[in-house]
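Positions are given from 1 along the sequence.
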Amino acid sequence: MTTSSNPGSSKSATTQQALEAIAKFEGSSKPGVWPHLDKKAILADMRSRVNDPFKINQGQQPFCGPTAVLFELVRKQPLRYVEMCRSLFEDGSFKGKTKTIPAPNRLRESSKGNLLMGQADWMILATLREAESLIFPVDPDAPSIIRSISGMSFSWEMSGWTSEILGYNQINYSQAFRKGDLFALRDANNIVKLGGVGFALITAQGLLGTASTTEADMPLSLPNHWVALLGNVAAQNGRVSFDVYSWGKKMHVDVTEDNFKSAFWGIVTGMA
């Protein structure tokens, strides 16, 4: 598994490979299978995300789980991200680690109008979410409560995406308990330092002070949001702080230990 370095004054080798793959996709004459999506808009989105993964944004859709996974995919494996986008657009599916993940015809036909996010983001995130939605199909125009239900991600789904999409072999879910929250966070931080990933389940209002439109409708006492752990974990003088990716940006959490324990519910980690 190749991990790209942070972009500096010049593009990393993996970023350059991904941009070259986007150029080849742009030159392809193969028609897309998403009748209402625009290839030029998707290409622009892809270039934007490869150059800056923080451009990935769930917008007003309740796709926080797969969005966190997609963010780490683009950060660490930008070429695979491009290959996934091209395969989805041209063939309506892409190959995961062990299986092919399709975008059903119903989803492709209904992906039109105001998607509440970028087209490239929607194409992948809606496909991932649809593959796990057993009761309510993904629909960009569905009422907020229905979108919230269809968009909920569970720990086993996050574990599956960490393996199937990111390709990690060592997957673990640590459920937080009153005295084990900080241990779980520190363990995840060490895994991130070693090149792995950590996806934390939190109550957004409790740790980030805000929530998306759909998450704001959920009770404050329940977990309602997944974030990607970026590191910088510290716990001292009764406070806990760390950095996460969420809603298209890097966010710094700095709360009391009691607030942390009441709003941190668990974390999925993955290592090669």
**Message:** Measuring only between side-chain heavy atoms, which start at C-beta, is L73 closer than 4.5 Å to L70?
**Reply:** yes

**Prompt:** How close do V50 and A18 get, heavy atom to heavy atom, and via which atoms?
**Reply:** CG1-CB, 3.8 Å

**Prompt:** Do V227 and Y245 come within less than 4.5 Å of each other through their side chains, counting heavy atoms only?
**Reply:** no

**Complete:** Minimal heavy-atom distance between S174 and N172, with the atoms involved, is OG-ND2, 3.1 Å

**Message:** I'd like to know if the side chain of S262 pairs up with that of N259 as donor and acceptor (distance under 3.5 Å, no hydrogens or angles considered).
**Reply:** no

**Request:** Using modelled atom types only, decide if a donor and an acceptor are shared between the side chain of K76 and the backbone of L166 within a distance under 3.5 Å.
**Result:** no

**Item:** Any donor-acceptor pair under 3.5 Å from S87 side chain to M84 backbone
**Value:** no

**Item:** Over 12 non-hydrogen atoms of neighbours within 6.0 angstrom of NZ in K97
**Value:** yes

**Message:** Would you compute the distance between atom SG of C85 and atom CD of E90 and round it to the nearest 0.5 angstrom?
**Reply:** 11.5 Å

**Item:** Residue pair S159 / T162, side-chain donor-acceptor N/O under 3.5 Å
**Value:** no

**Prompt:** How close do Y168 and A272 get, heavy atom to heavy atom, and via which atoms?
**Reply:** CD2-N, 3.2 Å

**Fill in**
Which of R86, Q119, R47 passes side chain to side chain contact (heavy atoms under 4.5 Å, CB included) with I42? It is Q119

**Asked** With side chains defined as the heavy atoms from C-beta onward, is the minimum distance between I56 and V74 less than 4.5 Å?
**Response** yes

**Item:** Backbone of L222 reached by a side-chain donor or acceptor of T203 within 3.5 Å
**Value:** yes

**Request:** Show your reasoning for whether side chain to side chain contact (heavy atoms under 4.5 Å, CB included) applies to H36 and E109.
**Result:** CA-CA 7 Å; H36 308 294; E109 289 289 341; 4.0 Å; yes

**Request:** Quick one: closest heavy-atom pair of M117 and Q58, and the distance?
**Result:** CE-O, 2.9 Å

**Asked** When rounded to the nearest 0.5 angstrom, what is the spacing between CH2 in W247 and SG in C64?
**Response** 8.0 Å

**Asked** Taking D121 as the fixed residue, which of Q61, M46, R49 is the one that meets the side chain to side chain contact (heavy atoms under 4.5 Å, CB included) rule?
**Response** R49

**Asked** Are the side chain of S111 and the backbone of L107 linked by a donor-acceptor contact shorter than 3.5 Å?
**Response** yes

**Prompt:** Should S246 and L208 be marked as a side chain to side chain contact (heavy atoms under 4.5 Å, CB included) after you check the CA-CA gap, both sets of side-chain angles, and the distance that decides it?
**Reply:** CA-CA 9 Å; S246 183; L208 304 180; 3.9 Å; yes

**Prompt:** Would you say the ring centroid of H225 lies under 6.0 angstrom from that of W265?
**Reply:** no

**Complete:** Distance col, row D91:CG vs F89:CZ, nearest 0.5 angstrom, shows 11.0 Å

**Message:** Tell me whether N57 contacts the main-chain N or O of G59 through its side chain, where contact means a donor paired with an acceptor under 3.5 Å.
**Reply:** yes

**Note: E72-R75 ion pair, threshold 4.0 Å (strictly below)** = yes

**Asked** How about L43 and I22: do any of their side-chain heavy atoms sit closer than 4.5 Å?
**Response** yes

**Asked** Backbone N or O of K112 within a donor-acceptor pair of the W34 side chain at under 3.5 Å?
**Response** no

**Message:** Is the distance from the ring center of F63 to that of W122 below 6.0 Å?
**Reply:** yes

**Asked** Do other residues, nucleotides or ligands put more than 12 heavy atoms under 6.0 Å from K55 NZ?
**Response** no

**Request:** Let me see the working for Y81 and I124 under side chain to side chain contact (heavy atoms under 4.5 Å, CB included), right down to the final yes or no.
**Result:** CA-CA 9 Å; Y81 161 72; I124 291 184; 3.8 Å; yes

**Request:** Output yes when K95 and E83 qualify as a salt bridge under the 4.0 Å nitrogen-oxygen rule, no when they do not.
**Result:** no

**Prompt:** L79, I101: one ILVMFWY side-chain cluster at the under-4.5 Å cut-off?
**Reply:** no

**Prompt:** Should L128 and V69 count as side-chain neighbours, where that means a heavy-atom distance under 4.5 Å?
**Reply:** no

**Request:** Determine whether F154 and E132 make a side-chain contact, defined as any pair of heavy atoms from C-beta on separated by less than 4.5 Å.
**Result:** no

**Request:** Check whether any side-chain heavy atom of F242 sits under 4.5 Å from a side-chain heavy atom of L185, and report yes or no.
**Result:** yes

**Item:** Point-to-point distance, once rounded to the nearest 0.5 Å, from CZ of F199 to CH2 of W161
**Value:** 10.5 Å

**Request:** Would you mind checking if K24 and E20 are paired as a salt bridge, meaning a charged N to carboxylate O distance below 4.0 Å?
**Result:** no

**Request:** Indicate the atoms forming the closest heavy-atom contact of T127 with A103, along with that distance.
**Result:** OG1-CB, 3.5 Å

**Request:** Would you check if D187 and I267 make a side-chain contact, meaning some heavy-atom pair closer than 4.5 Å?
**Result:** no

**Message:** Checking F260 against V253 for the side chain to side chain contact (heavy atoms under 4.5 Å, CB included) test, could you report, in this order, the C-alpha distance in whole Å, the side-chain angles of both residues, the deciding distance, and whether it holds?
**Reply:** CA-CA 9 Å; F260 167 73; V253 176; 5.9 Å; no

**Message:** Could you check whether any side-chain N or O of E257 sits under 3.5 Å from a backbone N or O of V240, counting only pairs where one atom can act as donor and the other as acceptor?
**Reply:** no

**Prompt:** What heavy-atom pair brings I171 and G270 nearest, and what distance separates the two atoms?
**Reply:** CD1-CA, 4.1 Å

**Item:** All pairs passing side chain to side chain donor-acceptor pair (under 3.5 Å) where residues 231-242 contributes a residue, at least two apart
**Value:** N232-D243, R239-D254

**Message:** Once rounded to the nearest 0.5 Å, what's the spacing between atom CD of E164 and atom OG1 of T100?
**Reply:** 9.0 Å

**Item:** NZ/NE/NH1/NH2 to OD/OE distance under 4.0 Å, R129 and E157
**Value:** yes

**Asked** Remaining members of M271's ILVMFWY cluster at a side-chain heavy-atom cut-off under 4.5 Å?
**Response** I191, L194

**Fill in**
Between the CG atom in L19 and the CG atom in N51, the distance rounded to the nearest 0.5 Å is 5.0 Å

